[in-house]
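Report on the structure given below.
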Amino acid sequence: RPRVLSGIQPTADSFHLGNYLGAVRNWVSMQDTHDAFYCVVDLHAITMGHDPVALRNRTRLSVAQLLALGLDPDRCTLFVQSHVPEHAQLGWVLSCITGFGEAGRMVQFKDKSAKAGQDSTSVGLFTYPILQAADILLYQADQVPVGEDQRQHLELTRDLAQRFNTRFGQTFTVPSAYIVKDTAKITDLQDPTSKMSKSASSPNGIIELLDDPARSAKKIKSAVTDTGREILYDEENKPGISNLLTIYAALTNRAIDELLEMYDGRGYGDLKKDLAEVLVEFVKPIQERTRAYLDDPAQLDKILAIGAEKARAVSAVTLAAAYQNVGFVSPA
Ligand code: TYM
């Protein structure tokens with residue numbers, strides 16, 4: 001079975017629909033076809049300033065949501081990044097083969113640091129993609145299921161793997177990004193040309209899975225749609241309706257064409273009303289299951305302890321090989 005690894009940041013109280021449709025949904029289905037490793041990347045969540053109490057809560061909330069969304073600890077390895085020390089250790093080694101300019105070209109770094117200003121930009125934000133490369137390479141992942149916004153980080157990961165292998169001998173599998181085109185960029189409901197994002201979207205532009213379902217339904221109904229009245233899939237001229245169609249198709253496992261047939265001759269209002277219902281029915285059981293996992297902290301801890309142990313069984317072997325190949329003396 002090919003290996004996959006992916007990660008998600010615990011930087012909000014709830015995942016949003018983009019996280020689910022762009023990434024986690026694929027993680028769930030890859031459990032049956034791949035040897036799957038998924039982590040909640042808490043080390044990545046402290047690069048922009050954070051509150052310790054919120055971080056701890058959000059990490060547990062993230063794990064509970066992932067379980068509620070369908071990750072099954074019997075079919076995948078689910079763990080918290082900081083429980084596996086090899087991530088930070090390999091991150092250091094990789095940072096020493098990354099060019100300063102190369103890291104500086106990362107678009108997410110440029111955007112986030114420009115917004116924060118130089119004095120508020122941490123070195124951790126700069127080296128963030130190198131740590132992400134360590135996450136992936138430690139597990140010898142073949143594929144990395146992510147949304148479109150992670151493509152450049154995956155390119156860096158591939159470059160670092162190849163560079164290390166060339167300089168120090170074959171050590172890492174060179175991974176590829178696994179990006180499902182249809183759902184790779186769910187857009188902001190109020191600004192359908194930019195991606196739905198916890199940091200950039202306005203509250204009405206983003207659907208949070210754990211938000212009050214009635215509020216989410218309202219957001220769908222007030223989503224910005226396009227001029228004209230015909231329901232067509234056309235990302236360029238009808239980005240608003242196209243985004244709603246993408247969400248609708250993904251949540252109901254229907255093809256877009258099937259939806260177009262269903263809504264032939266009907267208006268935007270019908271589509272929004274139906275999608276709002278679909279969404280409510282989708283989030284309700286997820287919220288219940290998330291609550292149930294949170295209500296049983298002992299079980300959650302046990303799942304994470306097992307996950308960390310399974311992760312370390314792989315990551316320790318890779319780190320030892322990397323240390324050996326880079327020339328460190330093995331401890332006696
Ligand atoms: P993060 O936490 O921002 O997002 C988690 C996943 O959700 C995807 N995503 C989207 N997909 C479609 N449409 C959207 N609007 C949308 N918004 C977010 C992201 O592409 C991502 O797949 N750097 C990563 C976390 C990470 C990681 C890793 C990922 C750390 N180490 C190793 C893969 C492998 C991030 O910030 O994701």
Side-chain angles (χ1 to χ4, degrees), residues 4-31 36-84 87-88 108 124 128 131-132 134-136 139 144-147 149-150 153 186 195-199 201 206-212 216 282-311:
V4 291
L5 175 127
S6 200
I8 190 160
Q9 293 199 67
T11 42
D13 289 335
S14 171
F15 295 150
H16 60 70
L17 206 51
N19 297 138
Y20 175 65
L21 296 178
V24 178
R25 183 168 174 262
N26 299 324
W27 301 7
V28 172
S29 59
M30 290 173 115
Q31 294 181 109
F37 288 76
Y38 301 123
C39 63
V40 174
V41 293
D42 52 351
L43 299 178
H44 280 110
I46 62 168
T47 52
M48 302 267 290
H50 74 285
D51 174 66
V53 174
L55 176 62
R56 208 175 335 268
N57 284 333
R58 287 168 170 178
T59 302
R60 302 183 78 86
L61 259 167
S62 297
V63 175
Q65 281 175 91
L66 290 173
L67 293 165
L69 287 167
L71 292 193
D72 172 357
D74 290 330
R75 288 185 294 146
C76 73
T77 300
L78 173 60
F79 65 102
V80 170
Q81 187 188 31
S82 65
H83 293 178
V84 182
H87 291 246
Q108 286 207 346
Y128 176 115
L131 180 61
Q132 180 168 350
D135 299 340
I136 297 164
Y139 298 90
V144 184
V146 286
D149 61 350
Q150 297 300 314
H153 290 167
I186 301 299
K195 74 165 177 179
M196 185 179 286
S197 141
K198 57 200 151 204
S199 49
S201 295
I206 179 172
I207 299 284
E208 294 182 299
L209 302 182
L210 300 184
D211 199 359
D212 170 16
S216 294
F282 172 73
V283 296
K284 271 189 184 162
I286 287 163
Q287 298 188 355
E288 265 166 45
R289 289 200 294 268
T290 301
R291 239 173 275 128
Y293 282 113
L294 287 173
D295 284 345
D296 192 350
Q299 190 202 7
L300 211 67
D301 286 340
K302 195 171 152 219
I303 290 171
L304 291 179
I306 293 170
E309 199 182 323
K310 288 201 289 183

Checklist entry - In Å, rounded to the nearest 0.5 Å, how long is the span from NE2 of H87 to CZ of F79? => result 4.0 Å

Checklist entry - Once you round to the nearest 0.5 Å, how far does NZ of K198 lie from CG of N19? => result 5.0 Å

Next on the checklist: Tell me every residue that passes ring-ring contact (aromatic ring centres under 6.0 Å, His included) with Y293, counting only those two or more places apart in sequence or in another chain.
Outcome noted: none

Next on the checklist: In this structure, is the centre-to-centre distance between the rings of Y38 and Y139 below 6.0 Å?
Outcome noted: no

Next on the checklist: Please determine whether a side-chain nitrogen of the Lys or Arg among R60 and D301 lies less than 4.0 Å from a carboxylate oxygen of the Asp or Glu.
Outcome noted: yes

Next on the checklist: Could you measure the distance from the NE2 atom of H153 to the CG atom of L131? Nearest 0.5 Å is fine.
Outcome noted: 11.0 Å

Checklist outcome for this item: Scanning both residues in full, the closest heavy-atom pair of K195 with D149 reads NZ-OD2, 2.7 Å

Checklist entry - Between V144 and V4, is a side-chain contact (heavy atoms from CB on, under 4.5 Å) present by the stated rule, with each step listed? => result CA-CA 6 Å; V144 184; V4 291; over 6 Å; no

Item to check | Qualifying residue for side-chain contact (heavy atoms from CB on, under 4.5 Å) with L61, from V40, L66, L294 | outcome: L294

Next on the checklist: Quick check: do Q132 and Q150 have side-chain heavy atoms less than 4.5 Å from each other?
Outcome noted: yes

Item to check | Criterion side-chain contact (heavy atoms from CB on, under 4.5 Å) on V146 and S6, from CA distance to verdict | outcome: CA-CA 7 Å; V146 286; S6 200; 3.8 Å; yes

Item to check | Point-to-point distance, once rounded to the nearest 0.5 Å, from CD1 of I186 to CG of L21 | outcome: 4.5 Å

Item to check | Heavy-atom neighbours of Q108 CD exceed 12 at 6.0 Å | outcome: yes

Checklist entry - For H44 and Q9, does a side-chain donor sit closer than 3.5 Å to a side-chain acceptor? => result no

Item to check | Verdict with supporting geometry, Q65 and S14, side-chain contact (heavy atoms from CB on, under 4.5 Å) | outcome: CA-CA 8 Å; Q65 281 175 91; S14 171; 3.8 Å; yes

Checklist entry - For the atom pair CG (L55) and OG1 (T59), what is the distance rounded to the nearest 0.5 Å? => result 4.0 Å

Checklist entry - Going through the distances and angles, do L209 and L69 end up as a side-chain contact (heavy atoms from CB on, under 4.5 Å)? => result CA-CA 10 Å; L209 302 182; L69 287 167; 4.0 Å; yes

Checklist entry - Between L71 and C76, what is the shortest heavy-atom contact and its length? => result CB-SG, 4.2 Å

Checklist outcome for this item: The single option from I207, L210, I8, T290 that satisfies side-chain contact (heavy atoms from CB on, under 4.5 Å) with F15 is I8

Checklist outcome for this item: Tightest non-hydrogen contact, residues P145 and W27, listed as O-NE1, 3.2 Å

Checklist outcome for this item: CG (D42) and OG1 (T11) are apart, to the nearest 0.5 Å, by 11.5 Å

Checklist outcome for this item: Closest heavy-atom pair, H83 versus A308, reported as atoms and distance to 0.1 Å, is CB-CB, 3.8 Å

Checklist outcome for this item: Tightest non-hydrogen contact, residues T77 and G307, listed as CG2-O, 3.4 Å

Checklist entry - Is a side-chain donor-acceptor pair under 3.5 Å present for Q31 with D72? => result no

Next on the checklist: When you measure from the side chain of Q81 to the backbone of C39, do you find a donor-acceptor pair of N or O atoms at a distance under 3.5 Å?
Outcome noted: no

Next on the checklist: Quick check: closest heavy atoms across S197 and H16, and the distance to 0.1 Å?
Outcome noted: CA-NE2, 4.1 Å

